[in-house]
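See below for the structure under consideration.
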Amino acid sequence: MSTPTTVDRVRELVRSFRVGVLTTVDERYRLVSRPMLSLGDEFTDVLWFAAPIRSRVVTHVRSVAAVNIAFVADRAWVSLAGTAVVRTDPELLARLWTTDLTPWLPDDASPDEQQVAVVEIAVTEARFWRAPGAVEQLVHLARSRTSAAPHTAGTEW
């Protein structure tokens, strides 16, 4: 049995996440973050999110394509950087559509309307970390306070 590669580990982790925090750049070059629901069943270096066509996230992506999406769950963190584009393809939206989007979009939004866009992110860089157990964290914390050794919060793969 072969050991999983780093890319395989990232893909496995990303598949398990549903909500991430998407960071974009606004018109004043400030970072703006918001939670977004991940769409699609498979992660192959592209992520999809739905957003109202007139939303700030769509405006930001159309202006500056560089984005970051971060996911956190059960002592694991993933940070993905990439380039985003706004897609208004109704077939893509219909394929990715899920009733889970209802609380994330305006009340009258549907896959048949031109009110919702797909934000597609081509991932170019991934970083992920796994935290040690709670007891191990306390040991690291105590050791960092009593010695010159730096405190490490987790292990970066």
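Minimum heavy-atom separation, Q114 to T88: OE1-O, 4.1 Å. Across every non-hydrogen atom of T102 and T99, the tightest pair is OG1-O, 2.8 Å. Nearest heavy atoms, L39 versus A50: CD1-N, 3.5 Å. Considering all non-hydrogen atoms of both residues, V21 and S33 come closest at CG1-CB, 3.6 Å. Pairing each heavy atom of L92 with each of R95, the nearest pair is CD1-NH2, 3.0 Å.
The structure places OG of S79 at 7.5 Å from CD of E125, a figure rounded to the nearest 0.5 Å. To the nearest 0.5 Å, atom CD1 of residue I69 and atom CD1 of residue I121 are 5.5 Å apart. Taking OG1 of T44 as the reference point, atom CG of L47 lies at 9.0 Å (rounded to 0.5 Å). Distance CZ/R56 to CD/E27: 6.0 Å, rounded to 0.5 Å. Distance CG/L105 to CG/D100: 11.0 Å, rounded to 0.5 Å. Note that CG of N68 is 8.0 Å distant from CG of L22, once rounded to the nearest 0.5 Å.
Under the 4.5 Å side-chain heavy-atom criterion for Ile, Leu, Val, Met, Phe, Trp and Tyr, V118 and W97 are members of the same hydrophobic cluster. Placement of W129 and V72 within a single hydrophobic cluster is found when ILVMFWY residues are connected by side-chain heavy-atom separations under 4.5 Å, directly or transitively. Following chains of ILVMFWY side-chain contacts shorter than 4.5 Å, one can reach V57 starting from V86, so the two form part of one hydrophobic cluster. Under a hydrophobic clustering in which Ile, Leu, Val, Met, Phe, Trp and Tyr are joined whenever their side-chain heavy atoms come within less than 4.5 Å, directly or via other members, V64 and V119 fall into different clusters.
None of F17, F43, F49 except one satisfies the side chain to side chain contact (heavy atoms under 4.5 Å, CB included) rule with S38; the exception is F49.
A heavy-atom distance below 4.5 Å is found between the side chains of L37 and R18. The closest side-chain heavy-atom distance from F71 to L80 is below 4.5 Å. Looking at heavy atoms from C-beta onward, V58 lies out of side-chain contact with P52 at the 4.5 angstrom threshold. Side-chain contact between W104 and V19 is present, with heavy atoms from C-beta onward closer than 4.5 Å. Taking 4.5 Å as the limit, every side-chain heavy atom of V46 sits out of range of all side-chain heavy atoms of V123.
Checking side-chain atoms of R34 against main-chain N and O of V32 turns up a donor-acceptor pair under 3.5 Å.
By the 6.0 Å and 45° rule, R87 does not stack over the aromatic ring of W48.
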